[in-house]
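Let me begin by presenting the structure, written as structure tokens, before commenting on it.
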There are 2 protein chains.
Amino acid sequence: MYIYIRTLGMSTSQLYRGSLTTIILKLLEENGEMYGYEITQRVKELTQGDLEIKEGALYPSLHKMEAAGYLTVTAKKVDNRVRKYYDITPAGKEETVNRLAELDEFLANMQRIINPKLSFE
Amino acid sequence: MYIYIRTLGMSTSQLYRGSLTTIILKLLEENGEMYGYEITQRVKELTQGDLEIKEGALYPSLHKMEAAGYLTVTAKKVDNRVRKYYDITPAGKEETVNRLAELDEFLANMQRIINPKLSFE
DNA sequence: TAAATATACATAAGATTCTTAAGTAAACAA
DNA sequence: TTGTTTACTTAAGAATCTTATGTATATTTA
């Protein structure tokens with residue numbers, strides 16, 4: 001019998017809700033085509049293990065973005081196993097710009113609330 | 001018959017999900033006791049009308065935080081109308097510190113993902 | 001080499017947090 | 001006096017996520 005201890009530092013925060021689409025779009029825009037599992041590992045690496053994208057969130061999100069026309073998917077067989085590579089479309093690039101603008105606004109608004117003294121103009 | 005046109009610039013972004021508790025705690029810690037409607041107006045003011053806290057989100061959230069022991073509530077009659085003033089407890093102040101730390105981590109992680117070139121150390 | 005872990009995807013059930021909507025009630029402005 | 005603002009409540013539904021389960025192959029470890 002094996003017992004798995006949950007690692008400390010793992011994000012249980014609700015703040016990431018709503019940010020997954022933005023994260024995926026930005027990674028694909030930056031790196032070119034990626035497959036799902038690769039995205040989870042890249043995010044884990046970039047955040048030093050702090051943020052672990054769950055498959056239950058990731059895959060439905062990718063499917064939804066493909067249905068929306070933001071991504072295309074291509075299945076490739078590597079080592080006798082199927083990978084689904086996602087690539088960003090022109091509509092996806094537009095959406096990336098919008099999402100990043102929204103993120104900037106969100107960050108600015110949170111600053112205004114959390115640190116009102118630094119909010120000039 | 002009256003038709004209400006939805007103002008542009010209002011936040012339809014999902015990014016604010018999960019940030020409401022943090023916002024309320026910080027405002028109460030900063031300003032002392034406040035009532036619900038006052039909180040919505042303060043946030044609207046601080047974000048230049050960008051973020052409008054909905055009552056349907058605010059009041060259940062205040063009740064939950066009170067039940068958790070983070071806030072106390074005192075009803076006061078002003079102009080023949082009841083206001084419920086919420087004040088932060090010591091446990092609420094602890095939670096504020098935790099929530100602000102989580103926010104900092106979230107912001108740092110988003111920076112690492114969105115702008116990996118700026119992530120040194 | 002058998003068992004465990006890692007890779008790689010899918011999806012249903014349930015939790016959480018929010019929006020929308022409807023209701024109550026009083027004060028104030030047109 | 002009609003509409004708007006102030007002030008709070010709560011139910012129904014939407015969106016996003018976690019947990020759990022399933023499938024399947026490859027690689028590592030005991």
Side-chain angles (χ1 to χ4, degrees), chain A residues 1-7 10-24 33-45 51-68 73-86 99 102 106, chain B residues 1-6 10-24 33-45 51-68 71 73-86 99 102 106:
Chain A
M1 207 256 271
Y2 291 78
I3 298 172
Y4 296 87
I5 308 291
R6 186 169 196 189
T7 320
M10 206 140 75
S11 164
T12 53
S13 170
Q14 301 280 22
L15 289 170
Y16 295 90
R17 253 167 210 280
S19 64
L20 182 55
T21 302
T22 307
I23 291 173
I24 294 172
E33 63 170 18
M34 298 178 79
Y35 57 99
Y37 187 77
E38 187 183 11
I39 291 173
T40 67
Q41 299 308 301
R42 182 68 55 87
V43 168
K44 199 172 167 183
E45 179 190 308
L51 181 51
E52 297 191 348
I53 308 291
K54 309 296 192 305
E55 308 104 304
L58 177 72
Y59 293 115
S61 185
L62 287 171
H63 302 161
K64 196 180 169 188
M65 291 165 79
E66 194 209 338
V73 64
T74 313
K76 296 184 185 177
K77 210 163 195 177
V78 181
D79 290 328
N80 204 34
R81 247 184 330 210
V82 174
R83 284 180 186 167
K84 295 200 172 170
Y85 281 88
Y86 289 90
R99 292 282 185 156
E102 275 183 8
F106 169 71
Chain B
M1 205 251 270
Y2 290 77
I3 298 171
Y4 295 87
I5 307 291
R6 187 167 195 191
M10 206 140 76
S11 164
T12 53
S13 169
Q14 301 281 18
L15 289 169
Y16 295 91
R17 255 165 208 282
S19 64
L20 183 55
T21 302
T22 308
I23 291 172
I24 294 171
E33 65 171 16
M34 296 177 80
Y35 59 98
Y37 187 77
E38 187 183 8
I39 291 173
T40 68
Q41 298 308 301
R42 182 68 55 89
V43 168
K44 199 172 167 184
E45 179 191 305
L51 180 51
E52 296 191 350
I53 308 290
K54 310 295 193 302
E55 310 103 302
L58 177 71
Y59 293 113
S61 185
L62 287 170
H63 301 161
K64 195 178 169 190
M65 291 164 80
E66 194 209 337
L71 308 181
V73 63
T74 314
K76 295 185 187 176
K77 211 162 195 178
V78 181
D79 289 328
N80 203 34
R81 248 184 330 208
V82 174
R83 283 181 186 167
K84 295 200 172 171
Y85 281 88
Y86 289 90
R99 292 281 185 156
E102 276 183 7
F106 169 71

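These numbers were taken from a predicted model, which means no experiment stands behind them.
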Exercise: identify the closest heavy-atom pair between [X] and [Y]:
{"X": "Val82(A)", "Y": "Ala75(A)", "answer": "CG1-CB, 4.2 Å"}
{"X": "Ser61(B)", "Y": "Thr21(B)", "answer": "OG-OG1, 4.1 Å"}
{"X": "Tyr37(A)", "Y": "Tyr59(A)", "answer": "N-OH, 3.8 Å"}
{"X": "Arg99(B)", "Y": "Gly18(B)", "answer": "NH1-O, 4.3 Å"}

Checking all strands, does [X] fall into the base, sugar-phosphate, or nothing category for heavy-atom contacts under 4.0 angstrom?
{"X": "Lys77(A)", "answer": "nothing"}
{"X": "Leu20(B)", "answer": "sugar-phosphate"}
{"X": "Gly56(B)", "answer": "base"}
{"X": "Lys64(A)", "answer": "sugar-phosphate"}
{"X": "Thr40(A)", "answer": "nothing"}
{"X": "Glu55(B)", "answer": "base"}
{"X": "Thr21(B)", "answer": "nothing"}

Review point. Taking NZ, NE, NH1 and NH2 as the nitrogens, is one of them in Glu33(B) or Lys76(B) under 4.0 Å from a carboxylate oxygen of the other?
Key: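 A salt bridge links Glu33(B) with Lys76(B).
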Exercise for review: With DNA chain C as reference, determine whether Arg81(A) or Arg17(A) sits nearer its 5' end, using the nearest nucleotide of each.
Suggested key: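 Mapping each residue to its closest nucleotide by heavy atoms, the 5'-most match is Arg81(A).
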Would you kindly give the [atom1]-to-[atom2] distance between [X] and [N], to the nearest whole Å?
{"X": "Glu102(B)", "N": "dT17(C)", "atom1": "CD", "atom2": "P", "value": "11 Å"}
{"X": "Leu58(A)", "N": "dA8(C)", "atom1": "CG", "atom2": "C1'", "value": "11 Å"}
{"X": "Arg83(B)", "N": "dT9(D)", "atom1": "CZ", "atom2": "C1'", "value": "18 Å"}
{"X": "Asp79(A)", "N": "dC9(C)", "atom1": "CG", "atom2": "P", "value": "13 Å"}
{"X": "Glu38(B)", "N": "dT6(D)", "atom1": "CD", "atom2": "P", "value": "12 Å"}
{"X": "Arg99(B)", "N": "dT17(C)", "atom1": "CZ", "atom2": "C1'", "value": "11 Å"}
{"X": "Leu71(B)", "N": "dC8(D)", "atom1": "CG", "atom2": "C1'", "value": "16 Å"}
{"X": "Glu52(B)", "N": "dC18(C)", "atom1": "CD", "atom2": "P", "value": "16 Å"}

Would you tell me if any nitrogen or oxygen in the side chain of [X] comes within less than 4.0 Å of OP1 or OP2 on [N]?
{"X": "Tyr59(A)", "N": "dA10(C)", "value": "no"}
{"X": "Lys54(B)", "N": "dT19(C)", "value": "yes"}
{"X": "Lys84(B)", "N": "dT9(D)", "value": "yes"}
{"X": "Gln14(A)", "N": "dT16(C)", "value": "no"}
{"X": "Tyr35(A)", "N": "dC9(C)", "value": "no"}

Review point. Between NZ of Lys64(B) and CD1 of Ile24(B), what distance do you get to the nearest 0.5 Å?
Key: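 Going from the NZ atom of Lys64(B) to the CD1 atom of Ile24(B) covers 11.0 Å.
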Exercise for review: Output the single nucleotide from dC9(C), dA27(C), dT25(D) whose closest atom is nearest the side chain of Asn80(B).
Suggested key: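 Shortest atom-to-atom distance from the side chain points to dA27(C).
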